[in-house]
Trainee: 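Once you've had a glance at the structure underneath, I'll fire off some questions.
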Amino acid sequence: MENVSIVASGLVTGIGLIAAVGAQGAYLLRRGLMREHVTALVVFCALSDIVIIGASVLGIGAVIEQFPAALGVVRWVGAAFLVAFALACFRRAARPSPMVGSGGSSVGLRRALATMAAFTWLNPHLYLNITILGGLANGHGQTGRWWYYLGLVTASATWFSLLGFGSARLALGLAVREA
């Protein structure tokens, strides 16, 4: 019963941290609404979190604290990427085109995955979350930390699946209604 409680705690904490829609979630939402590469992007996000959260449980947060210069580089590269993406969004907003039911894919799979990788791995909050999640998980002891990890990765897989597949389903419903 104690393990169920630890998994539930990880699940709630994971949803609390992951469900805040940032650039990664917004990009998945957009691709979902356009019904482009949803499965690949959901799987990428979930697998990335499995690796990232696993690293945090294993103590990578302590390594990051020892090399603050590396975190600074990631922070500035991530900020530059987000500024470039924001400018592209402004440009796209100035010349709007229909998103739902637009037919063929406007973004190739490789580009979609590369963009998602940048949003995932260059996110400065990622490295803060690694430190926090690692500390929370390891507070449950040697065995309990892996039960907590199970809750965290379940939250991640659930959130990204709901966001990606839910937005694609919504887009499909809107397209059917417009027809």
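Quick caveat: nothing in here was measured; it's all calculated off a predicted structure.
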Trainee: Hey, does the side chain of T120 reach the backbone of A117 with a donor-acceptor pair shorter than 3.5 angstrom?
Mentor: no

Trainee: For N3, which of W147, Y148, W146 qualifies under side-chain contact (heavy atoms from CB on, under 4.5 Å)?
Mentor: W147

Trainee: Any donor-acceptor pair under 3.5 Å linking the side chain of H37 with the backbone of V107?
Mentor: yes

Trainee: So which atom in E36 and which in S106 form the shortest heavy-atom distance, rounded to 0.1 Å?
Mentor: OE2-N, 2.6 Å

Trainee: What distance do I132 atom CD1 and S56 atom OG have between them, rounded to the nearest 0.5 Å?
Mentor: 10.5 Å

Trainee: Taking the side chain as every heavy atom from C-beta outward, state whether I50 and Y149 have any atom pair closer than 4.5 Å.
Mentor: yes

Trainee: Output, in order, the C-alpha distance, side-chain angles, deciding distance and verdict of side-chain contact (heavy atoms from CB on, under 4.5 Å) for L41 and L113.
Mentor: CA-CA 7 Å; L41 293 173; L113 286 171; 3.8 Å; yes

Trainee: Mind listing the closest non-hydrogen atom pair of S167 and G32 along with its distance?
Mentor: OG-CA, 3.2 Å

Trainee: Side chains of V153 and D49: closer than 4.5 Å at any heavy-atom pair?
Mentor: no

Trainee: For the side chain of S9 and the backbone of S5, is there at least one donor-acceptor N/O pair under 3.5 Å apart?
Mentor: no

Trainee: How many angstroms lie between CG in L152 and CG in L136, if you round to the nearest 0.5 Å?
Mentor: 8.0 Å

Trainee: May I ask whether V7 and I53 are part of the same hydrophobic cluster, defined by side-chain heavy atoms of I, L, V, M, F, W, Y residues being less than 4.5 angstrom apart, directly or through others?
Mentor: yes

Trainee: Let me check something: do L28 and L109 share a hydrophobic cluster, defined by ILVMFWY side-chain heavy atoms less than 4.5 Å apart, either directly or through other members?
Mentor: yes

Trainee: Quick one: pull up SG in C45 and CZ in F119 and give me the separation to the nearest 0.5 Å.
Mentor: 10.5 Å

Trainee: Under 4.5 Å between side-chain heavy atoms, counting indirect links through other Ile/Leu/Val/Met/Phe/Trp/Tyr residues: same cluster for L170 and W159 or not?
Mentor: yes

Trainee: For I18 and F160, run side-chain contact (heavy atoms from CB on, under 4.5 Å): C-alpha distance rounded to whole Å, both residues' side-chain angles, the deciding distance at 0.1 Å, then the answer.
Mentor: CA-CA 9 Å; I18 296 165; F160 289 121; 4.0 Å; yes

Trainee: Can you tell if the side chain of V51 reaches within under 4.5 Å of the side chain of W121, non-hydrogen atoms only?
Mentor: yes

Trainee: Are F165 and L33 grouped together when hydrophobic residues (ILVMFWY) are joined by side-chain heavy atoms under 4.5 angstrom apart?
Mentor: yes

Trainee: Check the pair L133, L17 against side-chain contact (heavy atoms from CB on, under 4.5 Å), reporting the backbone distance first and the verdict last.
Mentor: CA-CA 9 Å; L133 292 176; L17 286 174; 3.4 Å; yes

Trainee: Would the distance check show the side chain of R145 and the main-chain N or O of V57 forming a donor-acceptor pair, the cut-off being under 3.5 Å?
Mentor: yes

Trainee: State yes or no: do I15 and L162 share one hydrophobic cluster built from I, L, V, M, F, W and Y residues joined by side-chain heavy-atom distances below 4.5 Å, directly or via other members?
Mentor: no

